[in-house]
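As structure tokens, the structure follows; a few thoughts come after it.
Note that ligands are numbered from 1 as they come in the structure, with each ligand's atoms numbered from 1 the same way.
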Amino acid sequence: MVPKIIIFVVFYVFLALQLCPSIAQTNWIRVGYYRYSSEYGFPISKINSAFFTHIVCAYTVVNSTSYQLSLSPPDEESLSTFAKTMKKNNPSVAILLCVGGSGVSYSTFSSMVSNSSYRKSFINSSIKVARLYGLQGIDFYWNYPETNSDGFNMGILLQEWRAAIDSEPRNSNNSQLILTAQVKYSPSVSSISYPTEKMQQHLDWVHVVAEGYTTPLMTDLTSAHATLYDPSTFVNTDYGIREWIDRGLSANKLVLNLPFYGYSWTLKNPVNNGVGAPATGPAISTDGFLTYKQIKYYIKQYAPDVRVRYNSTYVVNYWTEGTTWIGFDDVEAITAKVSYAKEKKLLGYFVWEVSFDDNWVLSRTAGKL
Ligand SMILES: *[C@@H]1O[C@H](CO)[C@@H](O)[C@H](O)[C@H]1NC(C)=O
Ligand SMILES: *[C@@H]1O[C@H](CO)[C@@H](O)[C@H](O)[C@H]1NC(C)=O
Ligand SMILES: *[C@@H]1O[C@H](CO)[C@@H](O)[C@H](O)[C@H]1NC(C)=O
Ligand SMILES: *[C@@H]1O[C@H](CO)[C@@H](O)[C@H](O)[C@H]1NC(C)=O
Ligand SMILES: *[C@@H]1O[C@H](CO)[C@@H](O)[C@H](O)[C@H]1NC(C)=O
């Protein structure tokens, strides 16, 4: 006969497993950012949420005097049906709201985090809005804390935010809200001050922005704007990820950026057309920016037989014809980056932006790995 004590132990272990917070069960996430009040004109109903475990709606701004989230009537309209629409294709997808971005000035967040009553108002409003629209979490994007006191105060914000989320009264069907942040590719860029220890303690994970390092308006050498490696500079994703881990964020809190876009340059000399070739500025669009979908369309229109090349030193695809040079992440680069995230035991990846994909080719590629 099995002693009673063993039955009890087994029962309590079983119970403990059941009660484990969802964060402990998550070991690989696939996040898609969607710019819901967007100039891109991609309807919500066309997002295929089946490729993602989480969708983040970007961005929501903050009122600079009340520090509450401020939704325009069109934002409210989008959000009112968003969660329901996403769950049609994928009932288990979780929806997060990204608060911040370029629509919230540095000084608004700097002042919000510095004052306890402002923080309270901000936190309270973020939880209220998330619940009102049936969302599962909040993503904080301050671009970015500049001073030591900003960093210190942001740490206090995260601590209070976590406490508010822990103690929020909820009905039995709501699970605890997820709290994440979007941060720069590396914590050790000058004039940046992130509260890494509090981030580790209070955030479920962070979205590490690893794109836009170089653009045709910044440099006249063709380049990989989201280079995974670069032997000649610290401005590369692998360096940033290692810095985050050195500073104390665990690998399984880091979520790697996959950019679904690229940049086009005009070459100085069509014969010299590798990565790092001399260029005279952007091609095709005014700043050279092109979504993956636009790049594929352009290639199909102008030279479908010219093959897309891949450079594994940087982890970038590029396509060139005449004086036009386009650098972007195609299937090979996306595959290498997702493999990197898995090798480094990161928590997963996030896509900027879901509507840039071309027939879900990249989302499918990333999701299969
Ligand atoms: C911001 O909040 C203040 C105080 O609640 C309010 O008077 C003002 O109209 C709000 N501003 C905007 C742009 O919503
Ligand atoms: C925070 O803001 C409130 C309202 O403006 C003000 O009364 C209070 O003195 C501020 N607290 C600090 C510590 O600055
Ligand atoms: C926000 O503040 C109001 C008023 O103090 C309170 O009734 C409400 O429960 C708070 N909501 C959250 C989510 O903390
Ligand atoms: C919880 O969900 C179930 C099934 O979806 C529903 O029947 C029930 O009314 C919900 N309860 C609350 C408090 O919302
Ligand atoms: C990638 O491009 C650089 C610069 O053009 C070149 O030196 C390197 O050999 C290329 N790497 C591969 C694997 O082709």
> Which atoms from ligand 1 have a heavy atom of S66 less than 4.0 Å away?
Replying inline: 2 (O), 5 (O)
> Can you say whether the rings of Y194 and W244 are parallel (under 30°), tilted (30 to 60°) or perpendicular (over 60°)?
Replying inline: tilted
> Would a 4.5 Å heavy-atom cut-off, applied to side chains only, mark R247 and S188 as touching?
Replying inline: yes
>> With a 4.0 Å cut-off on N to O distance, would you call D357 and K293 a salt bridge?
In response: no
> Does a donor on one side chain sit under 3.5 Å from an acceptor on the other, for Y318 and N311?
Replying inline: no
> Strictly by modelled atom types, are N143 and Y106 linked by a side-chain donor-acceptor pair under 3.5 Å?
Replying inline: no
> What protein heavy atom sits nearest atom 12 (C) of ligand 5, and how far off is it?
Replying inline: T313 OG1, 3.5 Å
>> Just by distance, no angles: are the side chains of S92 and N90 close enough, under 3.5 Å, to form a donor-acceptor pair?
In response: yes
> Relative to the heavy atoms of S312, which atoms of ligand 5 are at a distance of less than 4.0 Å?
Replying inline: 13 (C)
> How close does the nearest protein non-hydrogen atom get to atom 4 (C) of ligand 5, and which residue and atom is it?
Replying inline: V275 O, 3.3 Å
> Just which atoms of ligand 5 are under 4.0 Å from any heavy atom in N311?
Replying inline: 1 (C), 2 (O), 3 (C), 8 (C), 10 (C), 11 (N), 12 (C), 14 (O)
>> When you compare the side chains of Y261 and Q294, does any donor N or O come within less than 3.5 Å of an acceptor on the partner?
In response: no
>> How far is atom 9 (O) of ligand 2 from the closest protein heavy atom, and which atom is that?
In response: N115 ND2, 4.8 Å
>> Counting non-hydrogen protein atoms only, what is the nearest one to atom 5 (O) of ligand 2? Give residue, atom name and distance.
In response: Y118 OH, 3.0 Å
>> When you measure from atom 7 (O) of ligand 5 to the protein, is at least one non-hydrogen atom found at a distance under 4.0 Å?
In response: no
> At what distance is the nearest protein heavy atom to atom 10 (C) of ligand 1, and which residue and atom is it?
Replying inline: N63 ND2, 2.4 Å
